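Shown next, in structure tokens, is the structure this report addresses.
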Protein chains: 2
Amino acid sequence: MGIQNTLKALSDPIRREILNLLKSGRMAAGDIASHFPVTDASISRHLSVLKEADLIRDTREGKFIFYDINTSVLEEVMLWISDLKGENGK
Amino acid sequence: MGIQNTLKALSDPIRREILNLLKSGRMAAGDIASHFPVTDASISRHLSVLKEADLIRDTREGKFIFYDINTSVLEEVMLWISDLKGENGK
DNA sequence: ACTATAATTAACAATTAGGTTAAATGTTAA
DNA sequence: TTAACATTTAACCTAATTGTTAATTATAGT
């Protein structure tokens, strides 16, 4: 965990786009995958990276696994950036 | 340029620590390098990645090359995150 | 039990990233 | 111009990342 995992996860454009998709609501893995020109397997690994970083959460419902965005870990990134900009303790 | 370069640059812990060092003021490349357990050449490449992302600026002064942090490009990251969190248009 | 569907995991290939050492570049001073 | 210093660039190696296809796991319906 930590900012390292978060930033690593965010450094890939497909993973950022996945988060963008999930912004509008939960989605099943296959539905997510259909938005990208790569295989389901590839997307599945991207999802596991995002999950490892706690940027998404998964829930199985029958045959489907639904993914939800979890933006709370992004707070740490915001704080890190703010600190870098010297916007803390002011 | 763009958010891709920025996030890629931020995804490495040495590069983040370099930015942290520069927060307190400009530093020569060698001075920066002395803070890390890797070679000067390795730090030099990290510096070029940060420069490519426009997160730092360099100025030669005699034998030395000084590096300054440039936080303005971080604004884009902040906005991207805010947007993801649905904090826009509110 | 069998089949179809949804998704992940495994095994492998190709690319990218980060480290090293050695050579090259730029600058200063003798 | 030669030597010394600061830094970068080149060449190379290894490890990590990303993609593919094929196999596996999990669930639902017949």
Side-chain angles (χ1 to χ4, degrees), chain A residues 1-22 25-70 73 77, chain B residues 1-22 25-70 73 77:
Chain A
M1 303 233 200
I3 203 167
Q4 176 59 34
N5 273 351
T6 311
L7 287 171
K8 203 81 188 175
L10 294 179
S11 75
D12 182 273
I14 288 190
R15 289 194 288 267
R16 285 198 304 279
E17 187 56 29
I18 289 174
L19 293 176
N20 237 353
L21 285 173
L22 295 180
R26 68 210 290 265
M27 256 183 174
D31 196 1
I32 294 169
S34 71
H35 286 78
F36 300 93
V38 295
T39 60
D40 291 7
S42 187
I43 294 300
S44 185
R45 265 196 315 106
H46 281 301
L47 289 170
S48 81
V49 172
L50 288 168
K51 195 184 155 188
E52 184 97 12
D54 202 29
L55 280 160
I56 58 175
R57 301 264 167 74
D58 63 330
T59 324
R60 179 178 278 276
E61 279 178 29
K63 276 195 293 194
F64 302 88
I65 298 179
F66 286 93
Y67 284 93
D68 288 278
I69 195 169
N70 170 37
V73 292
V77 178
Chain B
M1 306 238 192
I3 203 167
Q4 176 59 33
N5 275 350
T6 310
L7 287 172
K8 204 81 187 177
L10 294 180
S11 75
D12 181 272
I14 288 189
R15 290 194 287 267
R16 286 198 303 280
E17 187 55 29
I18 289 173
L19 294 176
N20 238 352
L21 285 173
L22 295 179
R26 68 210 291 263
M27 258 183 173
D31 196 2
I32 295 169
S34 71
H35 286 77
F36 300 94
V38 295
T39 59
D40 291 7
S42 186
I43 295 299
S44 184
R45 269 201 309 108
H46 281 302
L47 289 169
S48 82
V49 171
L50 288 168
K51 194 184 157 189
E52 185 95 12
D54 203 28
L55 280 161
I56 58 175
R57 301 266 168 72
D58 64 330
T59 326
R60 180 178 278 276
E61 279 178 29
K63 277 196 292 197
F64 302 90
I65 297 179
F66 287 93
Y67 285 92
D68 289 278
I69 196 169
N70 171 36
V73 291
V77 178

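Naming: A, B, ... by sequence-line order, numbering from 1 per chain. If you're wondering where the values come from, they're calculated on a predicted model, not measured in any experiment.
Every residue two or more places apart in sequence or in another chain was checked for a side-chain contact (heavy atoms from CB on, under 4.5 Å) with B:Ser44, and none qualifies. Contacts of A:Val49 classified as side-chain contact (heavy atoms from CB on, under 4.5 Å), with partners at least two apart in sequence or in another chain: A:Ala9, A:Arg15. With sequence neighbours excluded, no residue forms a side-chain contact (heavy atoms from CB on, under 4.5 Å) with B:Ser48. Judged as a salt bridge (Lys or Arg N to Asp or Glu O under 4.0 Å), and not counting sequence neighbours, A:Asp40 has no contacts. For the salt bridge (Lys or Arg N to Asp or Glu O under 4.0 Å) test, residues two or more places apart in sequence or in another chain that qualify with A:Arg26 are A:Glu61.
Think of the region where chain B sits on DNA chain C: with heavy atoms and a 4.0 Å cut, that region ends 5' and 3' at C:dA17 to C:dT28.
If you measure from atom CD1 of B:Ile32 to atom P of D:dT7, you get 8 Å, rounded to the nearest angstrom. In this structure, CG of A:Leu50 is placed 14 Å from C1' of D:dT17, rounded to the nearest angstrom.
Applying the side chain to side chain contact (heavy atoms under 4.5 Å, CB included) test between A:Tyr67 and each of A:Ile18, A:Thr59, A:Leu22 identifies A:Leu22 as the sole match.
Note on residues 42-53 of chain A: pairs passing salt bridge (charged side-chain N to carboxylate O under 4.0 Å, His left out), not counting sequence neighbours, are A:Lys51-A:Asp58.
Among the protein residues, B:Tyr67 comes within range of the sugar-phosphate backbone only, with heavy atoms under 4.0 Å from sugar or phosphate atoms but none that close to a base.
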All N/O contacts under 3.5 Å from nucleotides 18-27 of chain D to the protein, with atom names and distances to one decimal?
from	atom 1	to	atom 2	distance (Å)
D:dT18	OP1	A:Asp12	OD2	3.2
D:dT18	OP1	A:Arg15	NH2	3.4
D:dT18	OP2	A:Arg15	NH1	3.0
D:dG19	OP2	A:Ser42	OG	3.1
D:dG19	OP2	A:His46	NE2	2.4
D:dG19	O5'	A:Ser42	OG	3.4
D:dG19	N7	A:Arg45	NH2	2.3
D:dT20	OP2	A:Thr39	N	2.9
D:dT20	OP2	A:Thr39	OG1	2.8

Output a table of donor-acceptor pairs, distance under 3.5 Å, between side-chain atoms of residues 29-36 of chain B and any protein atom two or more places apart or on a different chain; print 'none' if there are none.
from	atom 1	to	atom 2	distance (Å)
B:Ser34	OG	B:Asp31	O	2.7
B:His35	ND1	B:Asp31	O	2.9

